[in-house]
Amino acid sequence: MSESQLWNDVDDHFTTLLAPADEVLTAALRDSDAAGLPPINVAPNQGKLLRLLAEIQGARRILEIGTLGGYSTIWLGRALPADGRLITLEYDPRHAEVARANLARAGLDEIAEVRVGPALESLPKLADENPEPFDFVFIDADKVNNPHYVEWAVRLTRPGSVIVLDNVVRGGAITDATSTDPSVLGTRAALELFASHPKLDGTAVQTVGSKGYDGFALARVRA
């Protein structure tokens with residue numbers, strides 16, 4: 001058995017035991033695939049982790065940067081109370097259309113709002129609304145702009161809020177100081193912010209599984 005097959009088998013075991021699919025989540029993946037969206041959504045056990053983290057945080061307001069078909073959005077939305085609010089930012093209008101349909105099927109369309117456009121244009125507009133601080137931020141968009149997304153996440157949160165940054169390992173390339181890959185450079189810069197920003201206290205974890213060799217970073221916003 002190959003190493004990657006073993007990773008997949010363990011992921012399948014964890015998912016079957018701890019994060020079994022339901023009709024809504026299965027339909028979200030099916031419709032995303034049918035619409036031609038790239039299969040880069042979080043794995044089911046990772047989605048369950050996001051939901052648990054948001055619940056442990058007691059989140060009432062969640063910001064997601066990078067919607068895709070809304071699969072992770074559904075997991076996060078399920079962590080919110082009935083009067084909670086989730087704003088998710090998506091660059092591609094076609095992806096946003098699929099996500100809105102998936103969120104409506106999940107019964108989350110009254111809680112979750114999909115905003116379309118480049119996130120670095122949507123975030124200043126969001127800030128101009130002077131919203132209540134977000135309790136939880138999930139960043140899973142283009143990696144080039146990761147440091148900018150982290151800066152905006154700090155600005156739009158409060159002391160005690162949690163920020164999760166996905167896909168930080170880049171297949172191990174994150175350790176290559178000579179890399180010229182923009183996604184690696186953007187992720188390295190974001191991790192350096194996690195380490196140096198006076199308002200952040202963070203760590204990173206590498207993972208293996210159905211999504212290959214990857215990982216995520218997590219930070220708590222300081223006072």
Side-chain angles (χ1 to χ4, degrees), residues 1-57 59 62 64-80 86 88 90 92 94-95 98-108 112 114 136-143 146 162-175 183-184 187 191 202-219:
M1 179 185 294
S2 69
E3 191 173 60
S4 61
Q5 184 59 55
L6 180 60
W7 297 346
N8 289 345
D9 288 348
V10 172
D11 247 12
D12 289 343
H13 178 74
F14 288 161
T15 294
T16 300
L17 183 65
L18 300 168
D22 58 43
E23 183 178 343
V24 167
L25 291 168
T26 299
L29 293 178
R30 182 191 64 229
D31 289 0
S32 295
D33 183 62
L37 274 61
I40 55 175
N41 50 274
V42 300
N45 53 342
Q46 295 166 346
K48 179 74 173 287
L49 175 63
L50 288 173
R51 197 204 80 194
L52 289 171
L53 288 172
E55 288 178 342
I56 292 167
Q57 173 67 1
I62 294 175
E64 179 182 49
I65 303 174
T67 315
L68 196 61
Y71 182 76
S72 57
T73 322
I74 292 171
W75 279 109
L76 288 167
R78 288 177 169 179
L80 289 171
L86 189 158
T88 182
E90 173 54 46
D92 191 315
R94 184 168 55 92
H95 295 182
V98 174
R100 287 187 179 116
N102 286 332
L103 289 166
R105 182 194 292 117
L108 295 169
V114 182
F136 192 95
V137 180
F138 179 48
I139 303 171
D140 189 13
D142 62 295
K143 311 311 173 187
N146 270 342
V162 170
I163 301 169
V164 176
L165 175 67
D166 203 13
N167 307 129
V168 299
V169 171
R170 316 305 304 162
I174 195 66
T175 64
S183 293
V184 173
T187 302
L191 289 170
T203 191
V205 175
Q206 55 186 331
T207 62
V208 295
S210 60
K211 296 299 176 180
Y213 177 37
D214 209 338
F216 65 92
L218 180 147

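As a basis for the values below, the full set of heavy atoms in this structure was taken, side chains included, without hydrogen atoms, waters or symmetry mates. Predicted, not measured: the structure shown is a model, and the values here were computed from it.
Counting heavy atoms from C-beta on, the side chains of P20 and K48 never come closer than 4.5 Å. Contact of the L6 side chain with the E3 side chain is not registered, since no non-hydrogen atoms from C-beta on lie closer than 4.5 Å. For the pair N146 and L165, the minimum side-chain heavy-atom distance is below 4.5 Å. Using a 4.5 Å heavy-atom cutoff, the side chains of Y213 and S4 are not in contact. The shortest distance between side-chain heavy atoms of V42 and L49 does not fall below 4.5 Å. Using a 4.5 Å heavy-atom cutoff, the side chains of T15 and Q46 are not in contact. Side-chain contact between L68 and P38 is present, with at least one heavy-atom pair separated by less than 4.5 Å. In this structure the side chain of Y71 never reaches within 4.5 angstrom of the side chain of S32, judged on heavy atoms.
With values rounded to the nearest 0.5 angstrom, R51 atom CZ is found 12.0 Å from F136 atom CZ. Here OG1 of T73 is found 9.0 Å from CG of L108. Values are rounded to the nearest 0.5 Å. Atom-to-atom distance recorded for N8:CG and K211:NZ is 10.0 Å, nearest 0.5 angstrom. To the nearest 0.5 Å, atom CG of residue N167 and atom CG of residue D214 are 4.5 Å apart. Summarising the geometry, atom CD1 belonging to I74 is positioned 11.0 Å from atom CG belonging to L86; distances are rounded to the nearest 0.5 Å. To the nearest 0.5 Å, the span separating CZ on F138 from CG on L76 amounts to 7.0 Å.
Here the closest heavy-atom approach between residue A204 and residue L191 is recorded as CB-CD2, 4.4 Å. Minimum heavy-atom separation, E90 to T67: OE1-N, 3.1 Å. The two residues G215 and D166 make their nearest non-hydrogen contact at O-OD1, 3.7 Å. Closest of all the heavy-atom pairs between A35 and V98 is CB-CG2, 3.6 Å. The two residues R170 and S183 have their closest heavy-atom pair at NH2-CB, 3.8 Å. In terms of heavy-atom proximity, R105 sits nearest to A28 at NH1-N, 3.9 Å.
The pair R78-D22 meets the salt-bridge criterion, since a charged nitrogen lies less than 4.0 angstrom from a carboxylate oxygen.
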Given I163 and I139, is the side chain to side chain contact (heavy atoms under 4.5 Å, CB included) satisfied, shown in steps?
-> CA-CA 8 Å; I163 301 169; I139 303 171; 3.9 Å; yes
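Distance alone, capped at 3.5 Å, is enough to place a donor-acceptor pair between the N102 side chain and the G69 backbone. Proximity of a side-chain donor or acceptor of K143 to a complementary backbone N or O of V168 within less than 3.5 Å is not detected.
The number of heavy atoms from other shown groups lying within 6.0 Å of CD (E23) does not exceed 12.
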